[in-house]
Amino acid sequence: MRIGIIAPPWLTVPPVAYGGTEAVIDVLARGLAALGHEVLLAAAAGSSCPVPQVPGTLGPDPGHVGRVQDELRHVLGAYAQLEQLDVIHDHTMAGPLLQAAAGGPPVISTAHNRMDAHTLPVYRAISGRARLLAVSHHQARTATGAAVAGVIHHGIDAAGIPLGTGSGGYACFLGRMHHNKGVLTAIRVARRAGVPLLIAAKMQSAGEHAYFREVIEPELGAGIEYVGEVGQQEKYLLLGGALALLNPIQWSEPFGMVMIEAMATGTPVVSTSRGSAPEIVQDGATGFIRDTTTGLAAALGQCSTLDRAAARRSTETRFSAERMVREHVDMYQRSLGDRPAPDIVPAQAGTP
């Protein structure tokens, strides 16, 4: 198949540091190309994903993530250059609403955001124009009024991720500097459990800086350390050395990439039951799901009893890149099978 993939415009594919959606797109594009499909990627200029890319895109701009005019310009240019392909897989919100008129390639749209009062009207409209994919069953259940064509969990290539030993003696938090990610809860849990905590978090927007300065910075010290935003290799070393990933999310996250990244290094995950977490973490096997500070702290103290090899195997099987790519190929093929046959205009008398 000839497959066009449209990434959001603000970060490169793969991302230099923080960027779960862009990391997933990179794995998907590489996997499709490895199977012999022709892939054309529309992503921020300077992306290093080793597939052909749409020319003329703007450079990455992490400080303007979510800016509507950037996304509109990006998708308009992308669709103009992908219209001759067999199928388009769009990871933006604006793109499926601006797709080419009927007769163009079928469009697959992955929802990377929570389904709530703000986003549902958009996803309902998207599902009338494209095949809408959810990234977790929890997300699909909340898609009231939107037609969800399927659920495909994210996946990663664990082969390139070193298996850690957890010998660092610390827990770690990895994510974005925001209340919803549960940074403050992670600090309280680590203190109650008597375990040092290393915090690696993206902090770029004004709001993230303000939250750090006003809420988190006063809590640092006495075993709680902020180490900044880390790159890919640093991330896996940090995760692999940890007793556990503390992921006490405070919102219904559609899919937590950091959880499968941690499990790929053999590190168990301690999380709340919000969003997709219970689909990812097998309670008592690859981590623990608890909803109180006391319960989370007790679970953190039990992580050394878990089999780190089991966490790794979970990523290699349930959340493998191969499984994710295979399920997407199946969805693309079904989309092509649903296309109506092209109109055939009868030849005029005397013409071939």
Evaluate the side-chain proximity of L220 to F212: yes if any heavy-atom separation is below 4.5 Å, no if none is.
-> yes
Value for CG (L306) from CD (Q282), rounded to nearest 0.5 Å, stands at 11.0 Å
Just how far is it from atom NZ of K181 to atom CD1 of I199, taken to the nearest 0.5 Å?
-> 14.5 Å
Looking at V107 and Y79, what are the two nearest heavy atoms and their distance?
-> CG1-OH, 3.6 Å
With a 4.5 Å limit on heavy-atom distance, are the side chains of V329 and R326 in contact?
-> no
Heavy atoms of A244 and L300 approach each other most closely as CB-CD1, 3.7 Å
Once you round to the nearest 0.5 Å, how far does OG1 of T119 lie from NE2 of H112?
-> 13.5 Å
Check the pair Q53, L40 against side-chain contact (heavy atoms from CB on, under 4.5 Å), reporting the backbone distance first and the verdict last.
-> CA-CA 5 Å; Q53 296 179 32; L40 183 56; 5.5 Å; no
Tell me which donor-acceptor pairs under 3.5 Å the side chains of residues 185-193 have, and how far apart each pair is, sequence neighbours excluded?
residue: R191; atom: NH1; partner: E219; partner atom: OE1; Å: 3.1
residue: R191; atom: NH2; partner: E219; partner atom: O; Å: 2.6
residue: R191; atom: NH2; partner: G221; partner atom: O; Å: 3.2

Side chain to side chain, I6 and L82, heavy atoms closer than 4.5 Å | yes
Verify ring pair (Phe, Tyr, Trp, His ring centres under 6.0 Å) between Y332 and H89, making sure each step is shown before the conclusion.
-> CA-CA 9 Å; Y332 301 156; H89 188 174; 5.6 Å; yes
S127 side chain to A147 main-chain N or O, any donor-acceptor pair under 3.5 Å?
-> yes
Please report the shortest heavy-atom distance between R323 and T317, naming the atom on each side.
-> CB-O, 4.3 Å
Is there a path of hydrophobic side-chain contacts, each under 4.5 Å between heavy atoms of I, L, V, M, F, W or Y residues, that connects V227 with L246?
-> no
Please report the closest heavy-atom contact between P14 and S48, naming both atoms and the distance.
-> CD-OG, 3.4 Å
Please go through L132's hydrophobic cluster and name the other residues, only I, L, V, M, F, W, Y counting, with side-chain heavy atoms under 4.5 Å joining them.
-> M93, L97, M115, L120, V122, Y123, I126, V148
Which pairs, with at least one residue in residues 25-62 and sequence neighbours excluded, count as a ring-ring contact (aromatic ring centres under 6.0 Å, His included)?
-> none
Judged by atom type as modelled, is there a donor-acceptor pair below 3.5 Å linking the side chain of T267 to the main-chain atoms of M263?
-> no
For T57 and A45, indicate whether the former's side chain and the latter's backbone hold a donor-acceptor pair under 3.5 Å.
-> yes
Are V27 and V39 connected in a single hydrophobic cluster, I mean Ile/Leu/Val/Met/Phe/Trp/Tyr linked by side-chain heavy atoms less than 4.5 Å apart?
-> yes
Residue from R334, H328, Q333 passing side-chain hydrogen bond (donor to acceptor under 3.5 Å, both in side chains) with D330 | R334
Salt bridge R274-D291, side-chain N to carboxylate O under 4.0 Å | no
What's the spacing between S136 OG and H154 NE2 if we round to 0.5 Å?
-> 8.5 Å
Please determine if D307 and R313 form a salt bridge, counting it only when a charged side-chain N lies under 4.0 Å from a carboxylate O.
-> yes
Hey, does the side chain of S47 reach the backbone of A43 with a donor-acceptor pair shorter than 3.5 angstrom?
-> no
Could you walk me through whether E316 and R312 pass salt bridge (Lys or Arg N to Asp or Glu O under 4.0 Å), step by step?
-> CA-CA 6 Å; E316 292 173 331; R312 173 74 168 211; 3.1 Å; yes
Taking R308 for its side chain and G240 for its backbone only, find out whether a donor-acceptor pair lies under 3.5 Å.
-> yes
Side chain to side chain donor-acceptor pair (under 3.5 Å) filter on S304, not counting sequence neighbours, yields none
Between the side chain of R124 and the main-chain N/O of T144, is any donor-acceptor distance below 3.5 Å?
-> yes
Side-chain contact, heavy-atom cut-off 4.5 Å: E225 with P196?
-> no
Flag the pair S271 / I249 as yes when at least one side-chain heavy-atom distance between them is below 4.5 Å, and no otherwise.
-> yes
Are any side-chain N or O atoms of Q139 and backbone N or O atoms of R114, one a donor and one an acceptor, separated by less than 3.5 Å?
-> no
Output the distance between atom CG (L174) and atom NZ (K235), rounded to the nearest 0.5 Å.
-> 6.5 Å
Between L85 and I3, the two heavy atoms sitting closest are CD1-C, 3.8 Å
List in chain and number order the residues that pass ring-ring contact (aromatic ring centres under 6.0 Å, His included) with H137, two or more places apart in sequence or in another chain; answer none if no residue qualifies.
-> H153
Any donor-acceptor pair under 3.5 Å linking the side chain of R2 with the backbone of Q84?
-> yes
Side chain to side chain, D70 and P8, heavy atoms closer than 4.5 Å = no
Honestly curious: do L238 and V195 fall in one hydrophobic cluster under the side-chain, below-4.5 Å linking rule?
-> no
Given H138 and F255, is the side-chain contact (heavy atoms from CB on, under 4.5 Å) satisfied, shown in steps?
-> CA-CA 9 Å; H138 177 274; F255 193 96; over 6 Å; no
d(T110 OG1, L28 CG) to nearest 0.5 Å is 8.0 Å
Output every pair passing salt bridge (charged side-chain N to carboxylate O under 4.0 Å, His left out) with a member in residues 88-98, not counting sequence neighbours, ordered by first then second residue.
-> none
Between H74 and A7, is there a donor-acceptor pair closer than 3.5 Å when you use the side chain of the first and the backbone of the second?
-> yes
Between K202 and E208, is there a side-chain N and carboxylate O pair less than 4.0 Å apart?
-> yes
Output, in order, the C-alpha distance, side-chain angles, deciding distance and verdict of side-chain contact (heavy atoms from CB on, under 4.5 Å) for L58 and R73.
-> CA-CA 9 Å; L58 297 176; R73 174 175 173 172; 3.6 Å; yes
Quick one: are V13 and L41 in side-chain contact, heavy atoms under 4.5 Å?
-> yes
Show your working on side-chain contact (heavy atoms from CB on, under 4.5 Å) between I152 and V135 and close with a plain yes or no.
-> CA-CA 5 Å; I152 300 180; V135 296; over 6 Å; no
Heavy-atom side-chain contact between V51 and R30 under 4.5 Å | no
Cluster check L197, Y170: I/L/V/M/F/W/Y, side chain < 4.5 angstrom = no
Between E214 and Y211, is there a donor-acceptor pair closer than 3.5 Å when you use the side chain of the first and the backbone of the second?
-> no
When every non-hydrogen atom of R318 is compared with those of E279, the smallest separation belongs to NH2-O, 2.6 Å
CD/Q233: more than 12 non-hydrogen atoms of other groups inside 6.0 Å | no
Would you say V230 and I156 are hydrophobically clustered, going by side-chain heavy atoms of ILVMFWY under 4.5 Å?
-> yes
